[in-house]
Amino acid sequence: MSEPTTAADWAPTLRAGAWFAALPDDLADHLLAHARVLVLDAGTRLFARGDAPDGLYAVVRGVVRIGAVGEGARESLLAMLEPPQWFGEIALFDGAPRTHDAWAESDCLLLRVAQADLARLLAARPQHWQSFGRLLTNKLRLTFAAVEELALLPPTPRLARRLAAMAGGYGAWEGRSKRVLEVSQEQLGQMLALSRQTVNQALKELEAAGAIRRGRATIEIVDPGRMLAVR
């Protein structure tokens, strides 16, 4: 079977995502018709904090790391995005520079719909703003939940909730979840503002409870209910 080379070839992957699956047909067709395929090698930066917005992206293969580097080269890791997650919509609303860095964590294939094309579409069909608003507000809800967990939860249940969110594609996947997560303890620590040692201890507790099984840079979720019940 030949490698898909156009955005339309990736329509089944996109429709596996809750946001794209719920779009009006004309909007979904427009995005597919105007998206361009972008290939990135692992370790390539897609854009940096402060860059001018250049459009909306969808991950259709590989993993994209969203984060920022602060003083002392310390990295804050916001999310690891997998197919069929969309990102870059904040700048669609305000036209302001990018808020974070985006890197190809692995070899990636992305779809990009240019900012100018989206602006023309929304000027002609303003009713579609609501669809992009849902994409934005879903991430806003996840952000509020993460802030609350950071303030109120001890490390182990906080880690459990982040693993559950990752397994569900941060709400992007329709009716399914991922059983094995490819993520390191260091990356989890960067996401949750925890030391590697604290993450290691929390994972041990989840494994002892029969909720997960640890591998080499992988975490298998054995029992999601038991994982979220750990206090």
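Keep in mind that the numbers below use all heavy atoms, side chains included, and drop hydrogens, waters and symmetry copies.
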Q: Give a yes or no on this: more than 12 heavy atoms of other residues, nucleotides or ligands lie within 6.0 Å of atom CD of Glu220.
A: yes
Q: Only counting residues at least two apart or in another chain, list the ones meeting side-chain contact (heavy atoms from CB on, under 4.5 Å) with Ala229.
A: none
**Q.** Atom pair CD1/CZ of Ile212 and Arg226 - distance to nearest 0.5 Å
**A.** 12.5 Å
Q | Residue from Leu46, Leu77, Leu81 passing side chain to side chain contact (heavy atoms under 4.5 Å, CB included) with Ile66 | A | Leu81
Q) Closest approach of Phe20 and Ala28, non-hydrogen atoms and distance? A) CZ-CB, 3.7 Å
**Q.** Under 4.5 Å side-chain linkage, directly or through intermediates, the cluster mates of Leu140
**A.** Phe144
(Q) Using the rule salt bridge (Lys or Arg N to Asp or Glu O under 4.0 Å), only one of Arg61, Arg65, Arg45 pairs with Glu105; which is it? (A) Arg65
Q) Should the heavy atoms of other residues, nucleotides or ligands under 6.0 Å from CD of Gln201 be counted, would the total exceed 12? A) yes
Q) Do any N or O atoms from the side chain of Asp107 and from the backbone of Asp41 form a donor-acceptor pair under 3.5 angstrom? A) no
Q. Which atom names give the shortest non-hydrogen contact between Pro53 and Gly95, and what distance separates them?
A. CG-O, 3.8 Å
Q: Please list, chain by chain and in numerical order, all residues satisfying side chain to side chain donor-acceptor pair (under 3.5 Å) with Ser131, sequence neighbours excluded.
A: Arg134
Donor-acceptor pairs under 3.5 Å, side chain of residues 151-160 to any protein atom, not counting sequence neighbours: which ones?
| from | atom 1 | to | atom 2 | distance (Å) |
| --- | --- | --- | --- | --- |
| Thr156 | OG1 | Glu205 | OE1 | 2.6 |
| Arg158 | NH1 | Leu192 | O | 2.8 |

Q: Classify the side-chain pair Asp9/Thr6 by whether it contains a donor and acceptor separated by less than 3.5 Å.
A: yes
**Q.** CZ (Arg196) with more than 12 external heavy atoms under 6.0 Å
**A.** no
Q.
Does Gln130 have more than 12 heavy atoms from other residues, nucleotides or ligands lying within 6.0 Å of its CD?
A. no
Q. Do NZ/NE/NH1/NH2 and the carboxylate oxygens of Glu207 and Arg213 come within less than 4.0 Å?
A. no
Q. Residues two or more places apart in sequence or in another chain: which of them pass side-chain contact (heavy atoms from CB on, under 4.5 Å) with Ser195?
A. Gln197, Thr198
Q: For the residue pair Leu14 and Val60, establish whether any side-chain heavy-atom pair is separated by less than 4.5 Å.
A: yes
Q. For Asp101, what residues pass the side-chain contact (heavy atoms from CB on, under 4.5 Å) criterion, not counting sequence neighbours?
A. Ala48, Arg49, Val69, Trp103
Q: For Asp94, look at atom CG and say whether over 12 heavy atoms of other residues, nucleotides or ligands are found less than 6.0 Å away.
A: yes
Q | Qualifying ring pair (Phe, Tyr, Trp, His ring centres under 6.0 Å) pairs, either residue in residues 43-66, two or more places apart | A | Tyr57-Phe87
Q: Verify the neighbour count for atom CZ of Arg141: are there more than 12 heavy atoms of other residues, nucleotides or ligands below 6.0 Å?
A: no
Q. Among all residues two or more places apart in sequence or in another chain, which pass the side chain to side chain donor-acceptor pair (under 3.5 Å) test with Glu82?
A. Lys178
(Q) Strictly by ring pair (Phe, Tyr, Trp, His ring centres under 6.0 Å), give each pair with a member in residues 197-231 just once, sequence neighbours left out. (A) none
**Q.** Counterpart residues, side chain to side chain donor-acceptor pair (under 3.5 Å), relative to Glu148 (two or more places apart)
**A.** none
Q.
For the CG atom of Leu181 and the CE atom of Met166, what is their distance to the nearest 0.5 Å?
A. 5.0 Å
Please report, to 0.1 Å, the donor-acceptor pairs under 3.5 Å made by any side chain of residues 108-125, with sequence neighbours excluded.
| from | atom 1 | to | atom 2 | distance (Å) |
| --- | --- | --- | --- | --- |
| Arg112 | NH1 | Asp54 | O | 2.5 |
| Gln115 | OE1 | Gly55 | N | 3.4 |
| Gln115 | NE2 | Ala91 | O | 3.1 |
| Asp117 | OD2 | His30 | NE2 | 3.0 |
| Arg125 | NH1 | Asp26 | OD2 | 3.4 |

Q. Looking at residues at least two apart in the chain, or sitting in another chain, which of them share a side chain to side chain donor-acceptor pair (under 3.5 Å) with Glu89?
A. Lys139
